[in-house]
Structures are given as structure tokens and as C-alpha cells.
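Numbers restart at 1 for each chain; the letters A, B, ... are given by sequence-line order, proteins then strands. Both backbone and side-chain heavy atoms feed into the values below; hydrogens, waters and symmetry mates do not.
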2 protein chains.
Amino acid sequence: MTVPVSAPVPAPVPAPVPGLRERKKQRTRDALIRVALELFTRHGYEATTVDEIVDAVEVSQRTFFRYFSSKEEAVFAVQQMTEERFVHALGQRPPDEAPIDAMRNAVLSAWDTIGEAIEEVIPVDLHLRTYRMIESTPALLAVHLRRSTEMEETIARIIAAREGLDVDEDPRPRIAVAAFSGVMRVTGQMWGRGTDGSLEAIRALTEQYLDQLGPALAPRWRD
Amino acid sequence: MTVPVSAPVPAPVPAPVPGLRERKKQRTRDALIRVALELFTRHGYEATTVDEIVDAVEVSQRTFFRYFSSKEEAVFAVQQMTEERFVHALGQRPPDEAPIDAMRNAVLSAWDTIGEAIEEVIPVDLHLRTYRMIESTPALLAVHLRRSTEMEETIARIIAAREGLDVDEDPRPRIAVAAFSGVMRVTGQMWGRGTDGSLEAIRALTEQYLDQLGPALAPRWRD
DNA sequence: TTGTCAATTGTCAGTCGCTGTCATTAGCCT
DNA sequence: AGGCTAATGACAGCGACTGACAATTGACAA
């Protein structure tokens with residue numbers, strides 16, 4: 001067994017200049033996302049055909065499906081970024097926090113930094129309209145929920161690791177995450193139905209609803 | 001204001017003999033469901049085309065889409081029945097039960113009577129295989145989750161009514177239901193992955209996992 | 001029984017999402 | 001400059017789904 005004393009840096013700056021080819025790809029991808037979301041939110045998701053998107057971006061339909069495995073996937077490209085934010089934030093939480101608190105604080109801190117990250121690809125305004133579209137379009141809502149449960153498994157494993165547990169032995173990580181995610185979903189729903197579409201509003205709702213989780217499970221509601 | 005003393009029965013037997021036309025429709029519909037689920041579970045959902053189903057039942061493709069608005073909907077026809085069972089069972093719970101307990105007992109009592117109800121349309125065995133297929137087929141899982149959240153809204157309103165609350169004023173009904181449903185979903189997942197595919201097994205898991213909801217939300221897991 | 005009405009079904013043509021294939025283009029690297 | 005390879009475009013085809021119209025078949029009254 002060798003003890004790594006001073007490991008050599010594997011790659012100082014792996015991508016200093018991404019190269020023309022890579023930059024071109026990134027631009028095409030971003031353009032597809034922007035145009036797609038713009039058309040989706042303007043005319044509706046199903047009313048917009050893939051042909052309309054690729055005509056506007058001036059690429060072939062085949063290219064669209066090389067970037068996104070489906071029309072739906074284009075909708076969730078930005079969503080994916082915010083999910084990664086949350087997972088990262090959760091990993092940063094101090095290990096002595098209770099599981100529920102760690103998740104709660106991770107969402108709240110994620111909400112704080114998400115705005116700027118989104119702005120690099122699309123206007124935040126467009127992203128908010130996209131979120132509402134997802135909530136109100138059955139086909140998209142379905143995919144959204146499936147993606148959420150996929151992330152729940154990821155989160156459950158992080159929580160289990162924090163507590164030194166095995167997810168397949170102790171059901172509590174998955175259950176805590178499921179309960180937490182359920183509340184977050186209701187939060188998103190209520191925010192989408194409300195009139196205040198700001199990031200501050202959803203942050204406030206997040207806190208408010210998570211605070212109600214304990215009381216909601218209490219045996220007696222009337223007092 | 002009139003006090004209903006002894007309400008007259010509105011319609012004694014509205015449908016004594018459904019008529020040939022109606023019976024024929026029911027038979028076609030049941031046949032489509034049976035054959036579809038059989039083929040789906042045997043060869044896989046996406047691998048089975050609608051044409052294969054309608055060829056086996058000897059109807060036109062157009063007829064299939066008159067009975068089911070999509071290929072997916074055929075999968076959930078039986079599921080729908082069990083959901084109605086649960087809603088009914090929930091309505092029967094005594095009003096003094098705590099919300100969470102009412103839901104818990106409603107599922108458990110529903111599991112008891114679901115078997116026979118299913119058998120009228122398809123073999124229970126086929127239904128169990130269908131459930132597993134849904135869990136393991138992304139496209140179906142997505143639809144399943146969306147249907148679940150639609151039912152959550154229904155349940156939340158029942159809970160709110162029991163407690164004399166307005167779902168749009170007090171968030172607790174929706175939150176309690178979301179947490180509850182999250183746990184039920186994990187239950188279904190775990191059951192689908194396990195080896196014991198019996199109705200007893202899922203009943204046992206239901207009890208076990210719901211018992212863990214409180215502990216999972218506790219601030220300290222280690223003791 | 002028969003004729004009429006309306007519900008149900010079949011046929012056909014067409015749209016749209018999506019995929020496999022193959023030729024063409026265009027960065028990249030020696 | 002020229003070869004290599006990644007990216008794109010063009011095309012054909014499949015399967016889910018829909019609209020429109022014609023054909024069939026129970027229902028029900030004359």
C-alpha cells in the first residue's frame with residue numbers, strides 16, 4: 001500500500017479554451033433551449049412542434065434530437081441545473097444538522113444562488129414562466145414528478161450517508177425524503193397558482209410550508 | 001329550509017338490464033384491457049404496439065382510441081378502481097380519527113377488499129405484474145405519479161372537510177396528504193423491488209413504513 | 001315486423017414525435 | 001495540405017394519435 005504524500009495535480013485547468021467546436025455546440029444547445037422555451041410558453045407545449053423550433057434556430061430536426069432525447073427533455077434542461085444546485089448545497093450542510101433541517105436549509109440556500117446561475121442560459125423571467133407551464137401541462141407535470149422521484153433516491157443516499165446508514169436496511173432516509181419532497185411539491189404547486197411569481201415568494205412559501213409539516217402530522221389539529 | 005326526514009330513494013334500480021349494446025361495449029373494453037395488460041407484461045410496454053392489441057381483440061385501432069384516450073390510459077384502467085376504493089374507504093373513517101390515522105386505516109382496509117374487486121376484470125396475478133411494470137417503465141411511472149398527485153388533491157379536500165377547514169386557507173391538509181402519499185409511494189417502490197409479490201406483503205410494508213414517518217422526521221435518529 | 005334514428009365501429013388519410021442510415025460538412029491535428 | 005473524426009443534414013420509415021366520413025347495428029316506435 002502506498003501512502004499518497006503530495007498527490008500531483010491531475011489536471012490543472014482541464015479546459016482553458018474549449019475549442020471552437022465545443023463553443024459552437026454550446027451555442028446551438030442554448031439557442032435551442034431558449035427558442036423552445038420561448039415558443040412553449042408563448043403558444044403552449046403541445047401546440048409547438050419540434051419543426052417550428054428547429055426552423056427558428058435553423059438546424060435540422062435530427063440535430064434537435066441529438067441534443068435532447070425528446071421534446072420534453074428540452075423543457076427540463078434548466079431545471080436540471082437547479083437540481084444539481086440543491087444536491088451540492090445539501091452536501092455542504094454540517095453533519096450535526098438533523099436530516100430534515102439539512103434538507104430545509106439546503107433548499108433555502110439553493111434558492112439564494114439559483115437566479116444568477118439560470119441567467120447564464122435564459123432570462124429568469126422565462127424560467128419562471130416555464131415552471132408554471134410544467135405545472136399546468138399534464139404531460140410535463142408527469143415527467144417532472146418522475147424526475148423528482150429520481151432525485152429523491154439521490155437525496156436519500158446522501159442523507160443515509162450523513163447518518164451512517166444503509167438505505168436498504170433503514171427505511172427512514174427514503175421516508176424522510178419522501179415526506180420532505182411531498183411538501184416541496186405542494187409548495188411549487190401553490191406558488192404556481194398564486195399571483196406572486198417572484199423568487200422571494202417561493203422562498204417564503206418554502207419556509208412556511210416546511211414549518212407546517214410537524215403540525216400536519218400531529219394527532220390533533222384543533223386546539 | 002326543509003329538513004330531510006325520510007328522503008325518497010331517487011332511483012330504485014336505475015339499470016336492471018343494461019341492454020345488449022351496453023353489455024357489448026363492456027365486453028370489448030374488458031377484452032382490450034385484459035389483452036393489453038397481458039401483452040404489455042409479457043413483451044414490455046413500449047415493445048407492444050396498439051395494432052398488436054387490436055388485432056388480438058379484432059377491433060379497429062380507432063376503436064381502441066375511442067375507449068382509451070391513449071395507450072397509457074389502458075394500463076391504468078384497473079388502477080383507477082383501486083383508487084376509488086381508497087377514497088370510499090376514507091370517507092367511511094370515523095370523524096374523530098386523526099387525519100394521518102384516517103388515511104392509514106383507509107389504505108389498510110382498502111387492501112383487504114381490493115382483491116375481489118379486481119378479479120372481476122382481470123386475474124389478480126396480472127394486476128400485480130402490471131404494478132411492477134408501471135414502476136419499472138419510465139413513461140408509465142411518470143403518468144402514475146401524475147395520477148397520484150391528482151388524487152392527492154381529492155384526498156386533501158376530504159381531510160379538510162373532516163376537520164372543517166378550507167384547503168386554500170390552511171395548508172395542513174395538503175401537507176399531511178403529501179407526506180402520507182410520499183410514504184405510500186416509497187412503499188410501492190420497495191414492494192416492487194422485493195421478492196414477495198403478494199397482497200399481504202404490501203399490506204405489511206404499508207404498516208411498517210407508515211410507522212416510520214414520525215421517527216424519520218425526528219431531529220435525532222441515533223439513539 | 002319493419003322502418004327510422006342514433007350510437008358504435010371501420011376505413012382512410014394525415015400530423016407529429018422519434019429513430020436508423022448514410023452522405024456531407026467542418027473543426028482538429030500532424 | 002491532407003487525413004481523421006465529430007457534428008450535421010437529408011431521407012425514409014415506424015408508431016401513437018386525430019379528424020372526417022361511410023357502414024353497421026342495437027333501440028324503439030309505428
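- Put simply, NE2 on H43(B) is 18 Å from C1' on dG15(D), counting in whole angstrom units.
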**Request:** Please assess D168(A) against R174(A) for the test salt bridge (Lys or Arg N to Asp or Glu O under 4.0 Å), listing each intermediate value before the final yes or no.
**Result:** CA-CA 9 Å; D168(A) 292 316; R174(A) 286 204 178 99; 3.4 Å; yes
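- There is no side-chain donor-acceptor pair under 3.5 Å between S148(B) and R185(B).
- Note: CG (D51(B)) to C1' (dC17(D)) measures 12 Å, nearest angstrom.
- An OP1 or OP2 oxygen of dT9(C) is reached within less than 4.0 angstrom by a side-chain nitrogen or oxygen of Y67(B).
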**Under 4.0 Å protein heavy-atom contacts per nucleotide of nucleotides 18-30 of chain C, with B for base, S for backbone only and - for none** = BBBB-----BS--
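- Toward the 5′ end of DNA chain D lies the nearest nucleotide of T63(A), the other residue of the pair T49(B) and T63(A) mapping further downstream.
- Set against dT11(C), dG9(D), dT8(C), the side chain of K25(B) has dT8(C) as its closest nucleotide.
- A salt bridge between R34(A) and E38(A) is absent, with no side-chain N of the basic residue lying under 4.0 Å from a carboxylate O of the acidic one.
- Distance D55(B) CG to dG15(D) C1': 14 Å, rounded to the nearest Å.
- dG17(C) atom C1' lies 14 Å from atom CD of E46(B), rounded to whole Å.
- Under the 4.0 Å criterion applied to side-chain N and carboxylate O atoms, R147(A) and E83(A) are assigned as salt-bridge partners.
- Side-chain contact annotation: E73(B) with S69(B), donor-acceptor N/O pair under 3.5 Å present.
- Using modelled atom types, one finds a donor on one side chain and an acceptor on the other under 3.5 Å when comparing D196(A) with S198(A).
- Rounded to an integer number of Å, the gap from R27(B) CZ to dG26(D) C1' is 13 Å.
- Whole-Å rounding puts the F40(B) CZ to dG15(D) C1' distance at 13 Å.
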